[in-house]
Amino acid sequence: MSTEAAINLEDLPTLRQQTICGEKVYQLEDPTAYRQLCERLLAAGYDFPQCLSGVDMEYGLRTVLHLRRLSDQAELTLWLDVPYDRPHVPSVSDLWGGVDWHEREAYDLVGIHYDGHEDLRRILLEDHWTIHPLQRRYDTGGYLIPDWQAKPWPDWDAIAKEKEEAARKAAEAAEKRAAAAKAKAAKAVKPKEGEGGAKKPPLSEVKKTSDQVAKPKAAQTADDLTKIKGIGAHYVALLKEQGITRFEQLANLSDDEAKRLEEKMNFKDRIAREQWREQARALQEGKS
Amino acid sequence: MNLITEAAKALRDIGKGMAVVSRAAEKGKHTNLYPFEMPEIPPVSCQSLALIIEADGTDRCVSCLACEKVCPSQVITIERTRNPEGKGFVLERFDIDLVNCMYCAACVEACPVSAIVTIQDFELSTYDLQTLKADKAFLDEQGRRAKQWYSPKLGVEYRNEQGEIQVAPLEQQPGGEAELLKQADKESDN
Amino acid sequence: MSIPAALMTGPTVLEPVVGKTDEMIVNLGPQHPATHGVLQIVLGVDGERVTRAVPHIGFLHRNHEKIEESRSYAQVIPYLDRMDYVSGLQNELPYCLAVEDLAGLEVPERAKYIRTAMFEFNRIISHLVWVGTYMLDLGAITPFLYAFRDREMALDIIERTTGGRMLPNYFTFGGVRRDVHPKFWQDLLDFLDYFEKVVPEYETLTVDAPVFQARSVGVGLLSQELAVNHGISGPNLRASGVAHDLRKDQPYDAYPELDFSVITRDEGDVWARSKVRMDEIYQSIDLIRQCAELAPRSGPYLARGRVKIEAGEQRYRAAEISRGQLGVYIHSDGGTGPYRSKHRSPSFVNLQIIPDLFIGQKFSDVIAILGSIDIVLGEVDR
Ligand code: SF4
Ligand code: SF4
């Protein structure tokens, strides 16, 4: 731990520290600071490069570096976020030889450019590929998802504050619950079977009421699309993703729209072949 | 070490190696003459999938779509219609694309009534890939042909001579160990 | 020049340098049996010495990581088997550990022992494949036949339990998918009793054989610093004198209760790497025996629970598989499946070292060194 204290973190801009699921995370937005921090970490004994991954965060690209110190098995995670239009990150493959191919992979699949990397070219895909398939703007087939929009850059300060707030609230709630439980325990002088009997009914009641609330709401908004021949649960979910939950919407699809839908969801002219629109229309009339 | 001792050591070690080989040669053969000798395949082995039809000819499948939802490679296609008389659904179509299926048995695990099961028939090779895009008739036939099959809910089952479906004894079931121990405990208690 | 004109385009090609003697460019692979799959290494050779080496991978690339974006957490597991098809069970564990950590699932005691025993059992199988294929690379056919004879018996045991031979889909979050069959532990012990007598035979034919020693001692030296800096893991790292083993350093499942020590050797050459693997086979036998002794015979094999992971959670978990550190990085967005999962496969990282190991070596040692790293291309290319 003494080496930990020796790492100077003061003068690094945009550095945030947090602990996620037991892992210590240093979050950065400034590429130069990332490089500086890496050099200091190597000097502090983080000698074993475990993994480097690229992640498309939908507002930008993130490099995640996992390091390990073999002397005491301490682990560390580094995040560096860069925007889509400037996806440049300083390479650290000269510090740790082990991230060489990981950086090439992140360039290949996610599209992050590692400046200073000796041999930055595609590693898993063929050289003539033009896209970076792990970006979220491409679907599993490698086609552009229409209407895909990048999210705005998150306001990290606000998020940190929110998290704190949530943690505080959770702690408060836990305290309250603990206090309530204590009070209950104090009250409950009765033998155990009484307690078990008292516990069960509320549970089922809660379930019932939630069911009752949920049902009419669903009837207002969504129809049971599985009534249409050819639509299974899987397709219902797919259609829901496209915003289609009611017969009316299906029935009113124009030819163009239907075609686009089919392409998007890999239906292969099922809509026309199985006459979804006609069925939906009939069902709609039957309903109203 | 001079050359002679080195050569002597090498000869001795090579001799040891030859001794291993000759010993192995005595142990007999370890291969079997497939297809004349069939390998013994454990009942839980997942070589192919089948649909089970009860002794009275009805489908076990209740068209709940659980298997379709859980399949990682999304190769199951089920179509169903509401049963005009009475409850439930009528199965219209049950296709499994056995070419793209990866025999992970997730569907078998998800099925609430053990209608889809794993079987040991591994000889699925055909000249035409299209025959492996199995429809319901194909899967039913597999189920009818299978000597025994396995599903996590009901364990190993087989059809007896009368065509009735029976569950195999505990010793042959995976998980039977715990059950047997429980029984043994009870007996020792009594 | 022995390579066809079509390969002379693009950045994958080395331009020959004219030095004292003419440098020759030799293409090793992609369809060479000694590359254990489809790996291409473009070598520059000057006489008998290797001057340059450029590996090209990706011929088996399937992009599991993109597929996993659209799968639920449980649906990912069968895909993991297919990364390192020689030790399918081992691949599933780090992912399960990571998801268990994120979702806060506890694994029942009995499941822990089953998982550990299976994990070690798979290590034996994997090392057997390595013995067989590596000796085949070096020209000895006999060990290959013996290794596959014993591996077949071991695979039968896996099949009787999991239902699959190489792609078992057995581990899951909170335990294992189905209970072991009644004779499971007895099966394992019976096999080990037989197998323990056979391992010395392998040693006689490999690490103790003078022909093998002549080819391996002092060849392909990997220094400690280089190994650590390049993130090399597994037997390759331990053969260079670094006692790093995640089973000890970051114990998971039942390993904290088991008694074993990390096997290391200081030589760092091809022979040391082979010897470490041989010793690990003995170690695995011992570990499985301990598991069989300590494992509870009844109790739950699976703690069922809902996998619900909050948005923004992330976890990197690794386990020591037969080839080294297999890590999984999961980033969650609160959905039903991983937003991003990255697999750190040991072969992928270990393969990076080959230019450093090859350069300056004799051309005939190239295969000996490549085989000693023990790569599986399915895992390299994912
Ligand atoms: S075995 Fe797996 S891949 Fe095949 S149909 Fe069942 S769930 Fe799908
Ligand atoms: S899960 Fe079973 S019952 Fe449900 S549809 Fe599939 S096979 Fe039929």
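Note: hydrogens, waters and symmetry copies are ignored here, and every other heavy atom, side chains too, is used. Just so it is clear: chains get the letters A, B, ... in the order the sequence lines come, proteins before strands, and each one is counted from 1.
Neither the backbone nor the side chain of F59(C) comes within contact range of chain A; no heavy atom of the residue lies under 4.5 Å from a heavy atom of that chain. Contact annotation for Q50(A): both backbone and side-chain heavy atoms come within less than 4.5 Å of a heavy atom of chain C. Only the side chain of Y329(C) comes within less than 4.5 Å of a heavy atom of chain A; its backbone N, CA, C and O stay farther away. In this structure, the portion of T77(A) lying under 4.5 Å from any heavy atom of chain C is its side chain and not its backbone. Heavy atoms closer than 4.5 Å to chain A are found in the side chain of V349(C), but not in its backbone. Looking at L70(A), only its side chain comes within 4.5 Å of chain C, counting heavy atoms on both sides. In this structure, no portion of I309(C) lies under 4.5 Å from any heavy atom of chain A. Heavy atoms of H61(C) lying under 4.5 Å from chain A belong exclusively to its side chain. Heavy atoms closer than 4.5 Å to chain C are found nowhere in R104(A), neither backbone nor side chain. Neither the backbone nor the side chain of I159(A) comes within less than 4.5 Å of any heavy atom of chain C. Of the atoms belonging to Q135(A), it is backbone heavy atoms, and not side-chain ones, that fall under 4.5 Å from chain C.
In this structure, L124(A) and N63(C) have side chains that are not in contact, with every pair of non-hydrogen atoms separated by 4.5 Å or more. At a threshold of 4.5 Å between non-hydrogen side-chain atoms, the residues V55(A) and K342(C) do not count as touching.
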Pair R340(C)-V110(A), side-chain contact (heavy atoms from CB on, under 4.5 Å): steps then yes or no: CA-CA 11 Å; R340(C) 168 88 164 95; V110(A) 189; 4.3 Å; yes
Evaluation steps, side-chain contact (heavy atoms from CB on, under 4.5 Å), between V64(A) and Y316(C): CA-CA 10 Å; V64(A) 184; Y316(C) 177 83; over 6 Å; no
Test side-chain contact (heavy atoms from CB on, under 4.5 Å) applied to H230(C) and D100(A), step by step: CA-CA 8 Å; H230(C) 276 70; D100(A) 182 341; over 6 Å; no
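In terms of heavy-atom pairs under 4.5 Å with chain A, the best-connected choice from Q352(C), H244(C), R315(C) is Q352(C). Of all the listed residues (M57(A), R122(A), Q73(A), R136(A)), the one sharing the greatest number of non-hydrogen pairs under 4.5 Å with chain C is R136(A). Ranked by heavy-atom pairs under 4.5 Å with chain A, the list E65(C), E225(C), Q325(C), K66(C) is led by K66(C).
When all heavy atoms are compared, the tightest approach of I232(C) to F48(A) is O-CE1, 3.3 Å. Here the shortest heavy-atom pairing between F348(C) and H102(A) reads CE2-ND1, 3.7 Å. Among all heavy-atom pairs drawn from P49(A) and N229(C), the shortest one is CG-O, 3.5 Å.
With sequence neighbours excluded, the residues that form a side chain to side chain contact (heavy atoms under 4.5 Å, CB included) with Q250(C) are R68(A), E75(A), L246(C), R317(C).
Annotation: E118(A), atom CD; neighbour count of heavy atoms from other residues, nucleotides and ligands within 6.0 Å does not exceed 12. Shown here is Y143(A), whose OH atom has no more than 12 heavy atoms of other residues, nucleotides or ligands within 6.0 Å.
A salt bridge does not link R344(C) with E105(A): none of the charged nitrogens is closer than 4.0 Å to a carboxylate oxygen.
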